[in-house]
**Q** 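One structure is given below, represented as structure tokens, and several questions about it will come after.
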There are 2 protein chains.
Amino acid sequence: MEAARRQSRALRTREQILAAAVEVMVGHGYAGLTMQRVQTAAGVTRGALTHHFSSMRELAVAAVDYVAAAQAGEIEAAVADAGPAELIEVLHEVTRRPTYVAGLELWVAARTDPELRAALRPGARQLGRQLREPLLLLVGDLDDERLEVFADGLLSLLRGLAVGGVLRDRPALEKAVLAAWLGAFGAQATTGAG
Amino acid sequence: MEAARRQSRALRTREQILAAAVEVMVGHGYAGLTMQRVQTAAGVTRGALTHHFSSMRELAVAAVDYVAAAQAGEIEAAVADAGPAELIEVLHEVTRRPTYVAGLELWVAARTDPELRAALRPGARQLGRQLREPLLLLVGDLDDERLEVFADGLLSLLRGLAVGGVLRDRPALEKAVLAAWLGAFGAQATTGAG
DNA sequence: ATGAAAACAGACTGTATGGTCTGTTTTGTG
DNA sequence: CACAAAACAGACCATACAGTCTGTTTTCAT
């Protein structure tokens, strides 16, 4: 609808800006995400930046969507390649990355920012839908209700571990925690003890 | 060491400032925590504010310690009153509160702020220690390693649910998730289905 | 009571920020 | 090749911010 008359050069700079925004967010946090830093990192002028993103929040949201799309792609690819058995490991690896934790900064900030909240919701829902099927394969036969508990708990666990990882780094413990969750639902993890 | 020669009036205003800081953080988020707002909410001048907290981060950290202490007190009281059986419910209730989620904003922001990280670590460790004993009572006999997995997983789960609660509100699902975690370790929850 | 130190008051400053605005260049189209 | 619209350039601005500084008042030990 809006990308209809978008030119190739524009797409390239847009990409540069988004990549730079992610880079800044990862390096300086959400609080340190400023237009100045983004335009410098992207090698782009203020005019170009504001032309593509008319407000800071718009840029922030676009940046999160950007990484979310990349992560969704990674996950999908991993499932296609290795099957659902390795899904958990991939999810754990992805959610441990600074980009994901940076995204969580936006997530919690959305508590007091309705527009941000509205912008973030679709991505979160989509991830849930994307995981439903491979998780079902992983865990065998489960009624819908139990599956929802399993999936939601898994994602919550991953989020909580990602937050926890900021203050301490204990990957082996995290793997044990995940294995326990899977075990509770009769699924085997491929997570070897670290 | 520093509270030695502190006068009673000073303690009162310090309390006002901290309460106001929490109020502002809850209402406007970490990004919206400004000295202007705090001094207005506290009914205190800039001079008083800076006299007690010489930097913004110092105030933020003190505010988080302030709520952490209050929460620790609540948890301890709940355990003393109702026993470890209701511990989970209390923890869930506490971590669902806006004050806790606001604290998580600081937590994730600490990723790119070493001083903040250093300031937050003690509180997190202390909570873990505080919960070890009642959780052990709750779950029966468990070797140290399994207990650590149980406790860390529980806290991670609660954190993740708290973050998730920003975008959606499904308390019943959350309770089911927690019940599943407890069940995996042979503990019974008192959580009735909502 | 008194004097020194702590507590508070409030004006002030330098700076960084998001956003705007006017122009210039590049692109696609007829 | 013309020409309109999109893309970009970069100076500019109002504002809000954290932190400082100089005074005044309150507290408390003596």
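Here is the naming used below: chain letters follow the sequence lines, and residue numbers restart at 1 for every chain. A quick note: this is a predicted structure, and the numbers were derived from the prediction, not measured.
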**Q** If we ignore angles and hydrogens, is there a donor and acceptor under 3.5 Å between the side chains of A/Arg159 and A/Ser156?
**A** yes

**Q** Figure out the CD/C1' separation between A/Gln39 and C/dT17, and round it to whole Å.
**A** 11 Å

**Q** Please determine, for the side chain of A/Met56, which listed nucleotide (C/dA9, D/dA9, C/dG18) has the closest atom?
**A** C/dG18

**Q** Between D/dT26 atom P and B/Arg14 atom CZ, what is the distance in whole Å?
**A** 22 Å

**Q** Among D/dC8, C/dC8, C/dG19, which nucleotide sits nearest the side chain of A/Thr13?
**A** D/dC8

**Q** Looking only at the side chain of B/Thr45 (C-beta and beyond, no hydrogens), which of the listed nucleotides D/dG19, D/dC17, C/dG10 gets closest?
**A** C/dG10

**Q** Quick one: does any side-chain atom of A/Arg96 pair with a main-chain N or O of A/Ala162 as donor and acceptor, under 3.5 Å?
**A** no

**Q** To the nearest angstrom, how far is A/Ile17 atom CD1 from C/dG18 atom P?
**A** 14 Å

**Q** Respond yes when some side-chain nitrogen or oxygen of A/Thr34 is under 4.0 Å from OP1 or OP2 of C/dA16, and no when none is.
**A** no

**Q** Report yes or no: does A/Arg117 contribute a side-chain atom to a donor-acceptor pair with the main-chain N or O of B/Leu167 at less than 3.5 Å?
**A** no

**Q** Identify, between A/Arg9 and A/Met35, the residue whose nearest nucleotide on DNA chain C lies closer to the 5' end.
**A** A/Met35

**Q** Answer with base, sugar-phosphate or nothing: what part of the nucleic acid does A/Leu33 contact at a heavy-atom distance below 4.0 Å?
**A** sugar-phosphate

**Q** Is there a donor-acceptor pair under 3.5 Å between the side chain of A/Gln130 and the backbone N or O of A/Ala72?
**A** yes

**Q** Aromatic rings B/Phe150 and B/Trp181: how do their planes relate, parallel, tilted or perpendicular, breaks at 30° and 60°?
**A** parallel

**Q** Would you state whether a donor and an acceptor, one from the side chain of B/Arg46 and one from the base of D/dA18, lie under 3.5 Å apart?
**A** yes

**Q** Check whether any side-chain N or O of B/Thr50 sits under 4.0 Å from OP1 or OP2 of D/dA18, and answer yes or no.
**A** no

**Q** Find the distance B/Arg37:CZ to D/dC17:P and express it as a whole number of Å.
**A** 6 Å

**Q** For A/Leu11 and D/dA7, what is the distance between atoms CG and P respectively, to the nearest whole Å?
**A** 9 Å

**Q** Establish, with yes or no, whether the OP1 or OP2 oxygen of D/dC8 is under 4.0 angstrom from a side-chain nitrogen or oxygen of A/His52.
**A** yes

**Q** Starting at atom OH of A/Tyr30, determine the distance to atom P of C/dT17, rounded to an integer number of angstrom.
**A** 15 Å

**Q** What is the distance, to the nearest angstrom, from the CD atom on B/Gln16 to the C1' atom on C/dA9?
**A** 15 Å

**Q** Atom CD of B/Gln36 to atom P of D/dT15: distance rounded to whole Å?
**A** 15 Å

**Q** Would you say B/His51 reaches C/dC8's phosphate, i.e. side-chain N/O to OP1/OP2 under 4.0 Å?
**A** no

